[in-house]
Amino acid sequence: MKQKKVLPASITIFGAKGDLTWRKLIPALYNLYIDNHLPKIFHIFCVDFLTVENTAYHEWLLTGVNDFSRSGRADAQKWTEFAKHISYVQGDFVKKETYDALKDNIQNFEKKEKIRGIRMFYFAVAPRFIEVIADALCSRKLCNRDALDRIVVEKPFGTDLDSARKLNRYLGKRFHEKQIYHIDHYLGKEMVQNILAFRFANHVFEPLWNNEYIDHIQISVAESVSVGKRGGYYDASGALRDMIQNHLLQLLCIIAMDCPKAYEAEDIRDAKIKVLKNVRIFNTEQVFKNVVRGQYTAGTVEGQPRHAYREEEQVKPDSNTETFVAARLFIDSQRWKGVPFFLRTGKNMTKQSTTIMIQFKESPHKIFKDDINPNRLIISIQPELEIGLVFEGKVPGLHMKLLPMEMDFMYKDAYIESLPEAYEALLLDVLDGDATQFMRADQIEWAWKVVMPLLDAWEKNPKKQLQFYESGTWGPTAANALLKPVAKEWFRLNHEPDAALPPATEKAQAVAAT
């Protein structure tokens, strides 16, 4: 078989002095480099408006690699070699001269190598710059070859359905769909990618993956962090836009999708969109019956005191923005009709944790005297990467006594080597032209269609049923009530703190009264 020729690559990062570049992108590219996954010939052009010398910029990037890379502190020799491939390009995103300078840099690199290679442009910028940069790349013919040139766009992609549609149309007039990579780092996580393999490469579970055998499904993304210094952005966004519209709905799609025709990007994307098209759309009354929104008050998380959300920097003192959302969704398809899907996310919760729990229906066989617990399949995405199956078994001894047992697969036990970070996998996919783990434009719009009734209901009724929960808990008590009658409380892994969802404290009640 003839080996595929690996083309040189020019990688441009807009937002070169930003936190994303420092904490994620450069550490990811460095790890790809030392593991020999990058093309042998490549160059990284880092664009931002600040005036910085190349040497000083490299030193700053090195601190990010040392602090955040999965491989630990950078090897001095390897970093020196890698840094030779990085150039800082000073320029304002809104000025023509910036793109002239960038074009000269890229063309000089390509002339030196005597080949026109891949061009990747990463938009690590505020949403207001997406259209400006896209237009400049198009007009200056920097990104004009369908098969070679790609842009990578971070979330948030729009603030509602209308703005997402407009942005899709804007980019669609300048680039072909296959050139546009809408990135969601959750899709690059090792365990998330493993869900497809688990479901469709094993015949044990897939025949049971439907409403005949599954009682309900919980998808929970709990964050122990506060909004921190992102108060300005977050207060205009909230948990629904920040997490549900993208991360959690993506997990929902992977769990609920039918088997695609093939492991190909378009087939997988088609299967995901089919899920979103079948999610039941709520009216305003149904929103308040099926969705709980909350906001954290002061408390303690992992021993550290935390401010109330309304006391955070750049947050309005009377803000009604939600930092917690729990929703009961239904997928009206033949496979899932009648099965509730519970989605939950929140900030300042007890512990950082992302889990998917599939609870099967009770056994129809009632021959034992002991109560029998339903089987559960548990997929932990973080902090532990594991898949566990809970089943009933006999306790050793002279009598037939049953007890829940668990079979576990844990990455840390099975694999000694360090696993690649999500951004490493996704950046390599972009360079390879593989869009499997990226959202298509229509998928983004369908995700917005699912959450728009919630946004509209809350906008019309800004204070209605806004719950308050103390920082360091698992959220408002109303989130537990949402699970009835299928469950009493949200599932938590055994190694997670068994902190119950307490009633609102006096302080929280006082806040609610205002």
Side-chain angles (χ1 to χ4, degrees), residues 159-161 216 218-223 226-227 231 234-245 248-249 252 279-299 308-312 315-330 340-350 448-490 499-514:
T159 57
D160 54 21
L161 177 58
H216 72 276
Q218 297 180 26
I219 302 174
S220 181
V221 180
E223 297 185 281
S226 67
V227 300
Y234 200 90
D235 209 34
S237 174
L240 187 67
R241 289 184 173 95
D242 190 51
M243 294 294 291
I244 298 286
Q245 187 272 336
L248 274 83
L249 286 184
L252 175 72
V279 174
R280 187 182 302 172
I281 302 299
F282 293 144
N283 58 34
T284 299
E285 182 182 356
Q286 291 169 331
V287 167
F288 288 104
K289 286 183 178 179
N290 291 282
V291 185
V292 172
R293 57 175 172 152
Q295 186 185 101
Y296 63 78
T297 60
Y309 176 73
R310 293 179 177 181
E311 297 170 352
E312 301 282 14
V315 171
K316 297 175 184 176
D318 60 348
S319 174
N320 293 312
T321 297
E322 78 287 351
T323 62
F324 175 99
V325 177
R328 176 173 51 207
L329 301 182
F330 297 92
F341 286 77
F342 298 97
L343 277 59
R344 176 184 70 163
T345 186
K347 290 195 175 294
N348 263 2
M349 296 176 73
T350 308
W448 276 115
K449 287 178 184 178
V450 171
V451 302
M452 283 310 300
L454 284 64
L455 291 171
D456 291 341
W458 295 346
E459 186 178 349
K460 293 173 184 175
N461 306 274
K463 294 183 179 181
K464 184 176 180 180
Q465 295 182 16
L466 177 61
Q467 309 287 327
F468 292 87
Y469 64 100
E470 185 178 338
S471 293
T473 67
W474 289 104
T477 53
N480 271 356
L482 192 68
L483 296 169
K484 294 179 180 178
V486 299
K488 293 181 180 179
E489 62 180 1
W490 288 81
L501 287 160
T505 61
E506 290 182 4
K507 185 173 182 181
Q509 290 173 346
V511 173
T514 63

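The structure displayed is predicted, hence computed values, not measured ones.
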Taking all non-hydrogen atoms of both residues, which atom of [X] and which atom of [Y] are closest, and how far apart?
X	Y	value
Leu482	Val291	CD1-N, 4.2 Å
Lys347	Tyr234	CE-CE1, 3.3 Å
Tyr309	Ser319	CE2-OG, 3.5 Å
Trp490	Ala326	CZ2-CB, 3.9 Å
Pro476	Gln467	CB-CB, 3.6 Å
Arg241	Trp448	CG-CH2, 3.8 Å

Examine distances only and state if a side-chain atom of [X] and a backbone atom of [Y] form a donor-acceptor pair shorter than 3.5 Å.
X	Y	value
Thr345	Ala222	no
Glu322	Leu240	yes
Arg293	Gln465	no
Asp235	Gly231	no

Partners passing salt bridge (charged side-chain N to carboxylate O under 4.0 Å, His left out) against Asp242 (at least two apart in sequence or in another chain):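 Lys155, Arg230.
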query: Does Lys289 have any salt bridge (charged side-chain N to carboxylate O under 4.0 Å, His left out) partners at least two apart in sequence or in another chain, and if so, which?
result: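 Listed in chain order: Glu285.
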Side chains of [X] and [Y] in contact at under 4.5 Å (non-hydrogen atoms):
X	Y	value
Arg310	Phe468	yes
Val451	Ile244	yes
Trp458	Phe288	yes
Val325	Leu248	no

Rounded to the nearest 0.5 Å, how far does [atom2] of [Y] lie from [atom1] of [X]?
X	Y	atom1	atom2	value
Asn461	Thr284	CG	OG1	7.0 Å
Glu489	Leu483	CD	CG	9.0 Å
Thr297	Tyr469	OG1	OH	9.0 Å
Lys460	Leu455	NZ	CG	11.5 Å
Tyr296	Glu223	OH	CD	10.5 Å
Leu329	Phe341	CG	CZ	9.0 Å

message: Checking Val450 against Leu249 for the side-chain contact (heavy atoms from CB on, under 4.5 Å) test, could you report, in this order, the C-alpha distance in whole Å, the side-chain angles of both residues, the deciding distance, and whether it holds?
response: CA-CA 9 Å; Val450 171; Leu249 286 184; 4.2 Å; yes
